[in-house]
2 protein chains.
Amino acid sequence: MSDLAPYQRIKDTLLERVHSGLWRPGDSIPGEQQLALDFNCARSTVHRALRELAEEGVLERKRKTGTRVAYPTGRSLALDISLVEDEIKATGASYQYQLLERTLAPLPPTVAAHLNRAPGEEALHLLCLHYADRHPYQFEDRWIDPLTVPEALEEGFDQIGPNPWLLKNVPWTEAEHVISADIATGSVAATLGLKEGEPVLIVERRTWNAKGTVTTVRFHHPGRTHRLRSAFAPR
Amino acid sequence: MSDLAPYQRIKDTLLERVHSGLWRPGDSIPGEQQLALDFNCARSTVHRALRELAEEGVLERKRKTGTRVAYPTGRSLALDISLVEDEIKATGASYQYQLLERTLAPLPPTVAAHLNRAPGEEALHLLCLHYADRHPYQFEDRWIDPLTVPEALEEGFDQIGPNPWLLKNVPWTEAEHVISADIATGSVAATLGLKEGEPVLIVERRTWNAKGTVTTVRFHHPGRTHRLRSAFAPR
DNA sequence: TCTCCAATTATGTCTGGACAAATAGCCTTA
DNA sequence: TAAGGCTATTTGTCCAGACATAATTGGAGA
């Protein structure tokens, strides 16, 4: 308990004061100088504790005015985006990957917009299915931009999924996710083994790196059984 | 450009080297001592830059071994959990709130489990509807534990929604979210103005504070038009 | 009374030096 | 050869002091 780094001990102590309600949102708390005396350490040590708590959204700091307890608003939700394989194996199920289709195809208008290209230009189109214990778990409909990722044209994707391959070969630096719900129809229903009209949870992802848009992908999951979970909290 | 704090300038420079591919995942980068010479500053300044980049998941540091560029795996997705009102107003639409029902009711078994109580015990049950430009935007089905939040029994919730009220009065410290898809049936369909069989996007949230479970809530959104967005990235 | 400037004060950052802790690699010894 | 211990290196943290920067507040002047 007391063998923690001092700055960490201070953070814990202050956080406890906030959580216990001793310091309530909006309250001013003592200045760095005073806290340094209280904790018998240098101001810079207190400063680090306060700075980090402010970054975590617990405190609000302003020059001259001092430090106050932040109002707990504007949280965010953090979902882990792990590889499907890890996600499935974590549940104890067996994982299987199947490539359904791999073509160089002209871009449909909506996808073209996502990749920032003109409709009709060609890109690598992949359809894949991921199984958990032999049951369809995720249907992946992906386009990869061959101008940003020419190496992808050399890869068959019959042994390795696009996601692990991209993670390994083309690290991205930015991404956008959109989550929505729809009902299963046509080929998506058939592929996922669902009846028409059953709910489907869709996660759409676009990723970029310095060179440009890397890939855009739609993951379809059986909606009633699939769940995106997130144990979590502040900021 | 150059009027940034030195530690920030160093962070930017190093991040650029990673993003540009000059330093690739797995590469070792120079030690703090060397970088301090390169940037003509104290080691502690370099240290802060490296420490923060490591916290952000860009670098991996180990004593004796040194610092290397992290493999870009295990990202996470951060969704903003803002108040519905802000969310709607941000799109330029007008916001309206309506309380449909407010009862003290016995807990159904599934909800009881969520609140960590016995089925049949009583809790505050709220049904609310949030409109964007007069169209149903979100149907909220919420239970509040009166043992954890006795003040809620005094509140009518006819003027203020449960979410802003709770944020103001009962700050929580932990939350869990589950996102899923379903199809609209019965009262949910009717309330949201959807036909039976249309897709619904469901976000379920449970929140705790030091005293215990605060509330559990299911938000239902029209699935085809609603979207959870997240511009974002690493860790 | 109103406006604007300057003093005050709290936070933000840097320095340069010190010691602590982890650990890879080597060296000794059984 | 294997086990155990030593050492050099690298990161982790702290400190005390200094200066920079933002922002409130009170006072001087119009």
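Residue numbers start from 1 in every chain, and the chains themselves are labelled A, B, ... in the order their sequence lines are given, proteins ahead of strands. All values derive from a computational prediction rather than experimental measurement.
- In this structure, A:Tyr137 and A:His221 have perpendicular ring planes: the angle between them is above 60°, well past the 30° mark.
- Residue contacts for A:Thr65: at a heavy-atom cut-off of 4.0 Å it reaches the sugar-phosphate backbone alone, with no base atom in range.
- Between A:Tyr97 and A:Glu85 the shortest side-chain heavy-atom distance does not fall below 4.5 Å.
- Look at CD on A:Gln33: it is 13 Å from P on D:dA18, rounded to the nearest Å.
- Rounded to a whole Å, the CZ atom of A:Arg68 is 11 Å from the P atom of D:dT24.
- A:Arg48 comes within 4.0 angstrom of sugar-phosphate atoms only, judged by non-hydrogen atoms across all strands, and of no base.
- An OP1 or OP2 oxygen of D:dG12 is reached within less than 4.0 angstrom by no side-chain nitrogen or oxygen of B:Arg51.
- Taking atom CG on B:Leu4 and atom C1' on D:dA20, their separation rounds to 15 Å, with Å as the unit.
- Within 3.5 Å, no donor on the side chain of A:Arg9 pairs with an acceptor on the base of D:dT13, nor the reverse.
- Look at CD on A:Glu60: it is 16 Å from C1' on D:dA23, rounded to the nearest Å.
- Atom CD of B:Gln33 sits in a sparse spot, with 12 or fewer heavy atoms from other residues, nucleotides or ligands closer than 6.0 Å.
- Between B:His19 and A:Asn209 the shortest side-chain heavy-atom distance does not fall below 4.5 Å.
- Put simply, CZ on B:Phe39 is 13 Å from P on C:dC14, counting in whole angstrom units.
- The base of D:dT11 is paired with the side chain of B:Arg63 by a donor and an acceptor separated by under 3.5 Å.
- A close approach under 4.0 Å does occur between a side-chain nitrogen or oxygen of B:Thr45 and OP1 or OP2 of C:dT15.
- Note that A:Arg102 lies outside the cation-pi zone of A:Phe157, set by a 6.0 Å cut-off to the ring centre and a 45° limit from the axis.
- Of the residues near DNA chain D, B:Glu32 and A:Ala5, the one whose nearest nucleotide (by heavy atom distance) lies more toward the 5' end is B:Glu32.
- Rounding to whole angstrom units, NZ of residue A:Lys62 and C1' of D:dT25 are separated by 14 Å.
- Using a 4.0 Å cut-off, some side-chain N or O of A:Thr67 falls inside it from OP1 or OP2 of C:dT11.
- Look at CG on B:Leu37: it is 15 Å from C1' on D:dT10, rounded to the nearest Å.
- Nearest-nucleotide mapping onto DNA chain C: of A:His47 and B:Lys64, the residue sitting toward the 5' end is A:His47.
- Put simply, CZ on A:Arg43 is 16 Å from P on C:dT15, counting in whole angstrom units.
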